[in-house]
Every structure is written in structure tokens, then in C-alpha cells.
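For reference, the structure is listed below as C-alpha cells.
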Amino acid sequence: MLASVIVNSSKQWIGQPLVYEVPASLIGEIRLGTWVRVPIGNRETDGVVVGFPQESTVQNVKVIGEVLDPELLPSPVVELLLWMSEYYLCLPGETLPLFLPPILKRRQCFWSWLGGKGREGLDPALFINPLTFEVAAYLSRRGRVTQRSLKSRWPGKELDLALQELEARGFVVREWSWGSKASKKQASSPGLEEENLRDIEQQVINLTFEQRLALKYLEIGLKQGKGNFLLHGITGSGKTEVYLRAVAAALNLGKGVIVLVPEHSLIPQMAERLKEAFGHLVVILHGDLPTGERTGVWEKLRSGEAKIVVGTRSALFAPLPELGLIVIDEEHSPTYKHEANPRYDAREVALKRGQLQGAVVVLGSATPSTEAYFLASRGQLKLLVLKQRVAGGQLPKVEIIDMREEYLQGRSGYLSVRLQEEIRTTLKRGEQVLLFLNRRGYAPHVTCRCCGYVPTCTNCAVGLTYHVDGKLRCHYCGLEKGWRGSCPRCGGSLALLGAGTQRVEAEIRTIFPEARVLRADSDSLKSPRRWREIYNLFLARQANVLIGTQTIAKGMDFPGVSLVGVINADVSLFLPDFRARERTFQLLTQVAGRAGRRSREGKVLIQTFNPQEPAIVLAARQDYESFYHLEIASRRTLRYPPFVKLARLGLMGLYEGEVISAAFSLARILKEVGTSLEVLGPAPAAIPKVRGEYRWQLTLKAPGWQELKEALEAGLGRYCCPPGIKLIKEIGPVNLW
DNA sequence: AGCACGCCGACT
DNA sequence: GTCGGCGTGCTC
């Protein structure tokens, strides 16, 4: 019997699994996901079993030495690992780390005596092997002994045979557990507080009709162990209540739950809601947890001590052996795409994991991705709709402000007269204002008035942004440059153009000196603690104006806010990305949803130079369906997802000429192999140079994943990547490159 | 990690 | 001509 094993070579996992022989003594002990000790070269290391090939082309197949843990990973999780490696074109050894904690802790193997009291009842003649009697006598005295101690007492192969004989005849049983402390048998009750569950049950009365209907579908799915759903609920419609009730239903079936949120800052509020209901069954998992903590959480989930994990996309790989439900909140968020190998999409992986483990998958959003809504229209996701706002909250009044007119009237600031008026009256009423701007820093464009010189980053070939501390910064690599105010080329004066969060903050402080202003962007939020501080200050009304970027657009619930201003709705609209309009629509809809979440009527002002743009007009009307129909028509016409499957091949290197010629020769090969493959490019990447490396790209279109993969395999098989060039393979790219 | 192989520069 | 620097790649 053979096993393929992902082997650890020092700190790295070898990409391609290696084939070993399973010794007769370990057959039955080894399955998918077993952690084993194996020989490699002239030494030993550990590895994870990921398959059982029939044959091997390798001559000197070595033999697996020892089982370190029979079930490090649940089998379906190993299947998921292999599927991901194939789907995203990477090696299993690259995928494995996603599924493992930073420190692998070994469980101990124990042998427990079952066969009656003392050695009196034991007859040496009962056993074939003479050692067996001795071992039996020893075990019957001690009751429970680690394998390690038996090995030290009886070194050599004989012991294994003795234990095998005892196990086969039911005298002893093998157990795996942590440490040497006496077995703490508690696996019976999941530890769920009955009272809390009852609370949850009672809350069903307070659900709206739509929420109850959605829940009903989810419960049916949970009972059947299958079903994929798109929960389309406008902001404030109570998606979270539906999630909570579905979680309770999954727990009642003895199953675990994974809840994903798009970013860090959103974990606490989701976790708090879940902890209120399910207490210590809830754990948090994300990339920035300290190593030890991450390992602890991972163990709790694996052992069943914890059953609900809340986290960012990496929490999708939590080792839950019994999985009932996966929730992906704010499903449309681009953060669900991983930007390193393996370049997976958490939404796709969640659907696959659900299928492999018999779990229900719920994608939730107020503004679903075009792809998800399309799947729903095809019946591949069951659409659940929440159109009503709960607790009498009203949709805000949205007003679009045409900034072209402002400028025609000779105004030069970044706050329109109308927005200033509204800020003034809002502050007078003692209410709060949220200002949204997608750019940090002070001025994103710096240009010489005389010769047109633009200070750029030497590493990244992008323009530098001026910051209030008097420095020019690159927003890609963080490079800082001093500022002299004059052009280094002609000595002319440099103009500061465009507005970032700092500039808007300055403008607010000038116009409203009495306002208490807070700024929330990645400059002011260096640490998650700082974000928490700002959040709490604003919530406690210690400030009345909050200016921010992305982070404040998502999920934040400030009851005191009655005015939301979008400074420049156009920034994201004209990016060279087929999803630019969708992003703009989503962003504006989410931002608008921040106003008037409670009973107070809210107002939203959107400043734009494109007041007719459908993404803006329809966001203002909170009209998702109309936007979707426009968008899906455009995707069909232009042949973009979901009508085709995309891939991106990125080439990086220190010398531009080499990168370009590599890109062209790769393109030529792909054009030759492609029957159903459409090759776009080569073209320089959107950011053509990052951290000193030049980047070119090819975009590939195919009818589906299968065709894409076949063409890529054929093409890349014939392509020899020159030294000094890095090739990045990405299936289903989501972000600009 | 270890170990082989391999391709350049300094030596006998 | 050979010896040996350590960069790169392989380990079933």
C-alpha cells in the first residue's frame, strides 16, 4: 500500500507530495490527513498524508515510520486542499499551510487496558507472542500508559506485534489525547447553554416575515446537509439575526459553523453577537492572532471544544470535523480574494467545502456581487430576500450634487455649498456627520505648474501623495520623500491637486472651527487598537465629524449619524477594471446605508462630476435590481464574468526588457495552443513597477474553468520561464494588478 | 536541513 | 590544467 505525503523539509512544505509505502503495521491507522514521520534523504521529518496512489514511478520508495496523529486534518478537508491546488493551479505543498496552525502540537498515543482486573486472570497460554503476556500484565496494572513509555521499556519491533495482538483481541484500546493527565472524558455534551438557546428560540417571534421565511429555507437546508443561498438584505434589514438563528439550528444538529467577515475591524461586533448567544463555543481566528493563540484556537475547533469560528477569509480553513454552516457576510467584498499563492476566492472555496462536508453555505450582502446574483438567477444559489428595514428604520434621503456647477461658479474647495449647509444644520442639531473619501493623505496629485514635473516613486512608478506632515509618500510601498515646495527640475512651484482625507479634515476645521473632527484612514489607524479607540470615541459622541476611507463604509453602526457625505464619488468609477462600476455602486450603497439606521431620518449627499452615471444614480435610489440588469447586460456584451472565466498571468522581474520579452513569448505560445482561449495582452500592469520590479500581464478568457485550465496546462507546459522572471498564475482575478 | 551538482575565479 | 567558492534544486 502506498501513500502520497506532503513532506516538511525544514520550514517549508515540499510542493509536490512524495510517495511512501505504508507498513503493514500501520494499515488501518493511516487515512487522509494523518500526520506521519517519514524518512527523507539521510534524515527524518514529518508529513501529512494526502492520497493513496495505486502505483509509483519512483524506484526506491521509502517506508512511513510512525503515526504522529491519525487525524491531523479531517478527510474532507484534505479533499478540499487537493481541489484548491488543482483549481487555482498551485502545488499541494503551497496550499497545506492555510490549513495548519503555526505550531503543530503532537497528540500522545495512549494504550488503555480493558480486559479485567490484575494479572491473576491472565494466562500466558492465551497469547501467541511471549512478549504479549508481559505487556498485558504491565498494562493491566497501570491501566493507561503512553506508547512512548512502552517503547522505552520494550524497544524493538516485538512490542508492536504484542500491542496488535492485544488490540485485535479486545484487551486494550488505543487513544489519542493531549498530555499525560488522566483522560478528561467530556465529549458527550457540546456544552451549549440551554438558556441561551431558548433566548434565541424566543427571538424568532421578533423576526419579520421575510426573516422567518429565509430562516425556514436555511433550516431545511441544514437538515438535508446541503444548499447554497444568497441572502440579499438591504442595510439594516437584519441579516445578522438570520445568521444567528441559522447558527443555532446548525448547533442543534451537532454541527459546527464558520462565519466570515470581510475585514478585521468587523470581527468584534459579529463575535460579540455570537458570544451573547453561544458563549464559549465561539472563537476568533484571523491572520494577526499571535502564534500560540492561533494554535490554541485551532485545537479547540479540532477537538470540538469550540464549534463556531468567526474570522476573516483564512478562517475558512478551520479544522471543523463536523461542519453544518458557512456564512460569508458582505459577500461582494474584494477582500475574499487572496492575493498570494494559492490565489483562492473564499466564496468559491466555501461552496466547495460545503459540498464536501455537507454544509449549507450562505452568502450575504446588501449589494451582491454580479456573479453571485447571476448564480441566483440561474437557481444555483437560492435567493433569499430581506427588503424591509427592521425596527422602523427608514431609508435615508439621498441627494446627488453636481460638482461641475460648483466649479463653474468659481468655487475651489472640496465641500459644496449644499454639503456645508447640511453639515452646519446637522451639527447644530447635535447630531453626527460621516464624510467618506476614498483617498488618504492631503493631495494625491502633485504637479509642477511650469514644466509639468510629477514627483513619482522610484520603486513603483506611481505619483506620490502629499501628506500634512510635509512628506511625499508612495501609497504602494510606503517610500517617503522630503518636500521642498519647488520643482527639482525647473525650480517652479509645485501645485497640490486633488483631495485626500487630510485635506478634507483641514477644510472642515477651517469652515467649522467648533466641530470636533476625527479621521479614520490607514494613516491614523496604524493599529487595530487605534481603530477601536476612534470607533468608541465617535460612538460616545466625543466627536461629531468622522472623515474616513473604506473602513467606515462597512458594517459600522453609529446611531448618532444623520448625515453622510461622499466627497468624490468618481474616484473609483474610472479605474481600468471591468468591476469599477460595480464597486462604485456597492460603495455608495453601503455608505448611504450608514445614515439613519435607527428611527431618525438620515440624509446622504453624494458629490460627483458625473451626476448621470447609472452606478451613482441607482445607488442613490438604492435600486439594486436595476443596477444588476444594466451590469449583467454589459458583462454579456463585453464577454466578462460570469459569462467567461478569467485568468491572469503576471510576469515580474528587475529588468523591464526581460519581462517584456518573456511576456511576449508566453503570449505567443498561448495563442498557439488556444482553441477556445482568448489571449489579451501582453500589457503593462496597472501599476507597472512595484518595489523595484517591473510587471507585465496577460489576461485570458475561456468559456469555463475546464477550458481555461486545459489551455493553461498546455501553454505553460511548453513555456520555459527564464531565470530572473517570476510568473504568477491567477484564476479569477478580482483586483487590479 | 543536508547533500549533490554546476558554473566561475584563483591557484599549482 | 585543478581546487573550491556557494547558488540552485532535490529529497519518494
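Letters A, B, ... mirror the listed sequences (proteins, then strands); counts begin at 1.
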Rounded distance in Å - CG (A/Asn8) to C1' (C/dT11): 12 Å
Length of the CD-C1' vector between A/Glu44 and B/dG2, whole Å: 15 Å
A/Tyr640 six-ring face occupied by A/Lys701 cation (under 6.0 Å, within 45°): yes
A/Leu91 CG to C/dT11 P, straight-line distance once rounded to whole Å: 14 Å
Pairwise side-chain contact, A/Glu165 with A/Phe171, heavy-atom cut-off 4.5 Å (strictly under): no
A/Asn228 and A/Gln380 side chains, donor-acceptor separation under 3.5 Å: no
Below 4.0 Å: OP1/OP2 of B/dC3 and any side-chain N or O of A/Asn42: yes
Worked verdict on A/Arg695 versus A/Trp737 for side-chain contact (heavy atoms from CB on, under 4.5 Å): CA-CA 9 Å; A/Arg695 315 185 325 157; A/Trp737 199 62; 3.6 Å; yes
Rounded interatomic separation in angstrom, taking CZ from A/Arg37 and P from C/dT11: 20 Å
Distance in angstrom units between A/Ile14 CD1 and B/dC3 C1', rounded: 13 Å
A/Asp46 CG - B/dA1 P separation (whole Å): 14 Å
Protein-nucleotide distance (A/Leu18, atom CG; C/dC12, atom C1'), rounded to Å: 5 Å
Sugar-phosphate only, base, or nothing, as touched by A/Ser56 at under 4.0 Å among non-hydrogen atoms: nothing
A/Arg43 CZ to B/dC3 C1', straight-line distance once rounded to whole Å: 9 Å
